[in-house]
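Please read all numbers here as calculations on a predicted model, not as lab measurements.
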Amino acid sequence: MEGKLLEMFEVGPCEDDYQLGFLIGQRFCNQIRSRLAGDLILQKQLLPFARTPHAQPLLKALSETNQKKFPRYWAELLGTADGSGVPVLDIILVNFRKEILPFISKTTMNSNADTTDDCSDVLIVSDSMAVAAHNEDANVSLVGHTYLIKGKLSNGLSFIAYTYAGELPSCAFGLNSQGLAFTLNSVPPVEDEIVPAGIGRNFVSRDLLEATSTADALARIRSSEVSVGHSYNLIDIQKRMILNVETASRSRVSVHEVGATPFFHANMYLHLQVQQVHDENSISRQKRAAFLLQGSKTDVLSLLGDTEDTKYPIYMTGPTLYTLCRTVIDLDERTLTIIEGNPKYGKVSHVFSMSSNELNLKLVNHAELNLKLVNHAELNLKLVNHAEGTHL
């Protein structure tokens with residue numbers, strides 16, 4: 001399964017945030033409508049739940065809480081709905097999916113129940129390299145329903161955000177003209193750890209696109225009384241620093257600074273003490289990473305293409321979860337590279353320079369880059385062959 005070429009839309013500065021959202025919705029109306037129509041979680045769970053009396057207090061409180069905290073982003077969300085010509089309720093539901101699903105009765109859940117967005121990250125900052133590499137994994141319904149937004153704000157800040165159709169930029173990864181970038185990992189707290197009607201994770205990550213420093217990004221994360229926790233990988237190009245920030249409801253935050261030892265994060269809390277769901281998929285990927293990672297840049301890039309564990313591969317190809325793309329942020333080269341498709345073929349779609357405030361697409365030799373990625377995949381195959389017969 002392959003999605004169509006990832007498109008980028010340059011937008012702004014706009015007269016207001018509603019217009020920013022409206023133009024995005026208008027530009028990607030077909031992708032948004034298609035995503036919503038084919039999203040079984042929305043159609044089979046969220047919408048039926050939203051029509052029940054039980055849902056009304058939760059939806060009202062979620063909307064009011066997030067609109068009060070982030071009025072600009074709420075206007076952007078409304079603009080996206082109007083620009084794409086879809087019901088506002090649908091846009092609200094997909095943006096608050098993780099905050100709503102825990103409150104849907106298990107008796108109404110079916111085989112289309114939400115699956116954790118199983119993203120994987122490898123982070124390392126050593127004397128010889130500083131790299132954050134990320135697999136963006138999601139439900140297969142998202143294939144062909146993502147795009148890049150290059151936003152320019154009236155205050156002079158610019159950002160680039162990998163965006164799910166109909167959602168705020170970005171619930172995946174992004175970077176801005178202040179030399180800051182981030183990737184995200186879902187984490188699964190148990191139901192007792194979830195607070196109803198808190199701040200939505202999509203609103204926090206949208207806010208991070210406008211952070212002016214690492215300290216500012218941390219302050220934005222800490223100040224949000226979230227409903228459901230998350231894991232943020234904050235990348236500071238100027239300081240050559242990567243932080244993994246795990247959060248949970250009730251203002252709980254833990255910060256880990258990444259060093260020379262490769263740090264692999266799947267979809268379970270690693271340093272914040274939170275009761276969490278036992279996720280066999282995440283545990284398997286964590287063990288596989290510990291076995292393969294040796295600390296070289298080649299190891300980092302190869303690991304994210306690993307498919308040796310056919311039940312819980314790091315690189316996913318369905319039937320439920322799919323690796324939409326891979327991004328590599330090189331702090332020394334000051335680039336963000338997006339790779340689509342099977343990493344064995346290394347299809348580089350975009351390389352952005354983070355050396356200037358313009359976040360320009362960097363002119364690169366794609367053939368040379370693709371050859372390097374193929375070589376990485378070949379090395380990964382050798383690692384897998386070497387590991388045959390070894391049990392984790």
Side-chain angles (χ1 to χ4, degrees), residues 3-51 55 59-60 62-64 66-67 70-101 112 114 117 136 138-154 158-174 200-207 209-210 322 324-325:
K4 57 185 178 182
L5 183 66
L6 184 65
E7 299 178 63
M8 184 172 74
F9 178 47
E10 297 190 30
V11 59
C14 297
E15 62 183 35
D16 57 30
D17 300 283
Y18 175 87
Q19 185 189 39
L20 175 66
F22 185 91
L23 293 174
I24 292 171
Q26 186 178 61
R27 172 64 179 81
F28 292 107
C29 62
N30 290 334
Q31 288 94 322
I32 293 171
R33 292 172 185 172
S34 175
R35 183 262 171 107
L36 297 180
D39 189 329
L40 295 181
I41 295 169
L42 172 67
Q43 298 296 335
K44 301 295 186 181
Q45 295 179 48
L46 294 174
L47 279 171
F49 173 71
R51 299 185 185 109
L59 294 179
K60 183 175 185 293
L62 269 173
S63 299
E64 290 177 350
N66 285 269
Q67 183 177 12
F70 296 114
R72 290 180 46 230
Y73 309 147
W74 187 260
E76 188 177 319
L77 181 150
L78 298 180
T80 301
D82 289 348
S84 59
V86 302
V88 173
L89 177 61
D90 289 14
I91 296 297
I92 289 174
L93 292 175
V94 295
N95 275 277
F96 287 127
R97 175 171 56 98
K98 291 294 186 180
E99 287 74 26
I100 296 172
L101 283 170
N112 298 314
D114 182 48
D117 300 326
E136 184 58 33
N139 190 280
V140 292
S141 66
L142 269 299
V143 175
H145 297 116
T146 61
Y147 41 79
L148 291 172
I149 299 299
K150 183 175 182 180
K152 295 183 179 180
L153 305 180
S154 56
S158 298
F159 65 78
I160 292 172
Y162 184 90
T163 306
Y164 290 8
E167 299 191 32
L168 290 171
S170 161
C171 66
F173 59 87
R201 296 181 308 172
N202 278 16
F203 283 80
V204 179
S205 52
R206 172 63 183 85
D207 198 37
L209 289 171
E210 301 191 17
Y322 195 88
L324 301 175
C325 70

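Using a 4.5 Å heavy-atom cutoff, the side chains of E7 and F28 are in contact. Side-chain contact between I92 and W74 is present, with at least one heavy-atom pair separated by less than 4.5 Å. For the pair F203/E99, no side-chain contact is recorded, criterion being any heavy-atom separation below 4.5 Å from C-beta on. At a threshold of 4.5 Å between non-hydrogen side-chain atoms, the residues I149 and F159 count as touching. At least one side-chain heavy atom of I32 sits less than 4.5 Å from a side-chain heavy atom of Y147.
Partner of C29 under the side chain to side chain contact (heavy atoms under 4.5 Å, CB included) criterion, out of R33, Q31, Q26, R27: R33 alone.
Between the side chain of S170 and the backbone N or O of T163 there is no donor-acceptor pair closer than 3.5 Å. For the pair D39 (side chain) and R35 (backbone), a donor-acceptor distance under 3.5 Å is absent. Remark: the backbone N or O of Q43 is not paired with any side-chain donor or acceptor of D90 at under 3.5 angstrom. Between the side chain of S205 and the backbone N or O of R201, at least one donor-acceptor pair lies under 3.5 Å. Without hydrogens or angle criteria, S84 side chain to T80 main chain gives a donor-acceptor distance under 3.5 Å.
We find the CZ-CG distance between R72 and D207 to be 8.0 Å, quoted to the nearest 0.5 Å. Atom CD1 in I24 sits 5.5 Å away from atom CD in E76 (nearest 0.5 Å). In this structure, CG on D17 lies 12.0 Å from CG on L77, to the nearest 0.5 angstrom. For the atom pair L142 CG and C171 SG, the distance stands at 7.5 Å (nearest 0.5 Å). Taken from CG in L93 to CD1 in I41, the straight-line distance is 12.0 Å, to the nearest 0.5 Å. A distance of 9.5 Å separates CG in N30 from NE2 in H145, rounded to the nearest 0.5 Å.
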Exercise. Show the numbers, then the answer: is there a side chain to side chain contact (heavy atoms under 4.5 Å, CB included) between I91 and L78?
Key: CA-CA 8 Å; I91 296 297; L78 298 180; over 6 Å; no
Quiz item: What do the steps show when you test D82 against Y18 for side chain to side chain contact (heavy atoms under 4.5 Å, CB included), and what is the final call?
Solution: CA-CA 9 Å; D82 289 348; Y18 175 87; 2.6 Å; yes
Self-check item: Derivation of the side chain to side chain contact (heavy atoms under 4.5 Å, CB included) call for N66 and F96
Solution: CA-CA 10 Å; N66 285 269; F96 287 127; 3.5 Å; yes
Quiz item: Given the rule in the side chain to side chain contact (heavy atoms under 4.5 Å, CB included) test, do L209 and I160 qualify, once you have shown the distances and angles that lead to the verdict?
Solution: CA-CA 8 Å; L209 289 171; I160 292 172; over 6 Å; no
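Nearest heavy atom pair, residue E64 against residue K60, reads OE2-NZ, 2.6 Å. S141 approaches G38 most closely through the heavy-atom pair CB-O, 4.0 Å. What you find for A138 and L324 is that their closest heavy atoms are CB-CD1, 3.8 Å.
Aromatic ring pairs are classed by plane angle as parallel below 30°, tilted from 30° to 60° and perpendicular above 60°; the pair F173 and Y162 is parallel.
At a threshold of 4.0 Å, the pair E167-R97 does not count as salt-bridged, since none of the basic side-chain nitrogens sits closer than that to a carboxylate oxygen.
Between N202 and Y73, the side chains place no donor N or O within less than 3.5 Å of an acceptor N or O (distance only, hydrogens not considered).
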